[in-house]
Novice: 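Just passing along the structure, written as structure tokens.
Keep in mind that the numbers below use all heavy atoms, side chains included, and drop hydrogens, waters and symmetry copies.
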Amino acid sequence: RYVGSWAAVRTRSGATTGSVVWEDRGEDFVVATVRDVKGVVTMRYSLKYDGLEYPCLTDSARGGVGSITSRFLNEYQTEWTLLSDGTPFNHGERIVQPDGKMMTVPGESTSNDLVWRWVEPAPTTGILTP
């Protein structure tokens, strides 16, 4: 349900997130690229939803190179944790609506939720190029 290109429609105060693309590489392996509103890549990672750590490259504002874990909670929801030197520093969940058109990353209150709109299928080439 996460595979594809998504555009941010609501971000937290001060957030600059613009889009995210999840590409399915087969066998539950995904590659993700996150861009800010100007199109600059701010995060890249690849993982399986198995709860294990995978490399995560982030911009310097998020602590540089680290790792990410993620796992399915149910058919529509995953949880993730960003780690720096093995220490968790950010955690959250993604919830995709059953129709697959909207995704929410809950905040501390609903006014702080990140909300994404599905745009199109993920490209199969060039996803990791800036």
Novice: Any chance the side chains of Arg94 and Thr78 put a donor and an acceptor closer than 3.5 Å?
Specialist: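 Side-chain D/A pair, Arg94 to Thr78: present.
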Novice: Do Thr81 and Asn90 make a side-chain contact, defined as non-hydrogen atoms from C-beta onward lying under 4.5 Å apart?
Specialist: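 Thr81 does not reach Asn90 side chain to side chain.
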Novice: Minimum heavy-atom separation for Ile68 and Pro55, please, with both atom names.
Specialist: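 In this case the closest contact between Ile68 and Pro55 is CG2-O, 4.4 Å.
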Novice: Would you call the rings of Tyr49 and Phe72 parallel, tilted or perpendicular if under 30° counts as parallel and over 60° as perpendicular?
Specialist: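 Plane angle between 30° and 60°, so tilted.
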Novice: So do the side chains of Trp6 and Ser19 get within less than 4.5 Å of each other, counting heavy atoms only?
Specialist: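 SC-SC contact between Trp6 and Ser19 ruled out.
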Novice: Could you pull out the closest heavy-atom pair between Trp80 and Ser70, with the gap in Å?
Specialist: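 Heavy-atom minimum between the residues: CB-OG, 4.1 Å.
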Novice: Measure the shortest side-chain to side-chain distance between Val105 and Trp116 over non-hydrogen atoms and say whether it is less than 4.5 angstrom.
Specialist: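 Yes, their side chains come closer than 4.5 Å.
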Novice: For Phe29, give me all partners under ring-ring contact (aromatic ring centres under 6.0 Å, His included), at least two apart in sequence or on another chain.
Specialist: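 None.
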Novice: Shared ILVMFWY cluster between Phe89 and Leu114, side chains joined below 4.5 angstrom?
Specialist: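 Yes, one cluster joins them.
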Novice: Where do Pro121 and Ser5 come nearest, in terms of heavy atoms and distance?
Specialist: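 Shortest heavy-atom separation between Pro121 and Ser5 comes out as O-OG, 3.9 Å.
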Novice: Of all residues at least two apart in sequence or in a different chain, which pass the salt bridge (charged side-chain N to carboxylate O under 4.0 Å, His left out) check with Arg117?
Specialist: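 Partners of Arg117 under the salt bridge (charged side-chain N to carboxylate O under 4.0 Å, His left out) test: none.
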Novice: Under 4.5 Å between any side-chain heavy atoms of Val30 and Leu47, yes or no?
Specialist: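 Counting from C-beta outward, Val30 and Leu47 do come under 4.5 Å.
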Novice: As a test of understanding, state which of Leu82, Leu57, Val20 forms a side-chain contact (heavy atoms from CB on, under 4.5 Å) with Met43.
Specialist: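 Checked Leu82, Leu57, Val20 against Met43; only one passes side-chain contact (heavy atoms from CB on, under 4.5 Å): Leu82.
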Novice: Give me each pair satisfying side-chain hydrogen bond (donor to acceptor under 3.5 Å, both in side chains) with a member in residues 95-106, each pair once, sequence neighbours excluded.
Specialist: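 For residues 95-106: none.
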Novice: Where do Arg71 and Gly51 come nearest, in terms of heavy atoms and distance?
Specialist: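 Scanning both residues completely, I find the closest heavy atoms to be CB-N, 3.9 Å.
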Novice: Measure across Trp22 and Ala122 and return the closest heavy-atom pair with its distance rounded to 0.1 Å.
Specialist: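 Minimum heavy-atom contact is O-CB, 3.2 Å.
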Novice: Apply salt bridge (charged side-chain N to carboxylate O under 4.0 Å, His left out) to Glu27 and list each qualifying residue two or more places apart in sequence or on a separate chain.
Specialist: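 Here no residue qualifies.
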Novice: Can you find a pair of side-chain heavy atoms, one from Ile95 and one from Met103, that are under 4.5 Å apart?
Specialist: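 In short, these two side chains do not touch, never coming nearer than 4.5 Å.
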Novice: Apply side-chain hydrogen bond (donor to acceptor under 3.5 Å, both in side chains) to Asp24 and list each qualifying residue two or more places apart in sequence or on a separate chain.
Specialist: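 Partners of Asp24 by the side-chain hydrogen bond (donor to acceptor under 3.5 Å, both in side chains) criterion come out as none, since no residue qualifies.
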Novice: Looking at Pro106 and Glu93, what are the two nearest heavy atoms and their distance?
Specialist: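 That would be CD-O, 3.3 Å.
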Novice: For Asn74, which residues count as a side-chain hydrogen bond (donor to acceptor under 3.5 Å, both in side chains) partner, sequence neighbours excluded?
Specialist: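 Applying side-chain hydrogen bond (donor to acceptor under 3.5 Å, both in side chains) to Asn74 gives Gln77.
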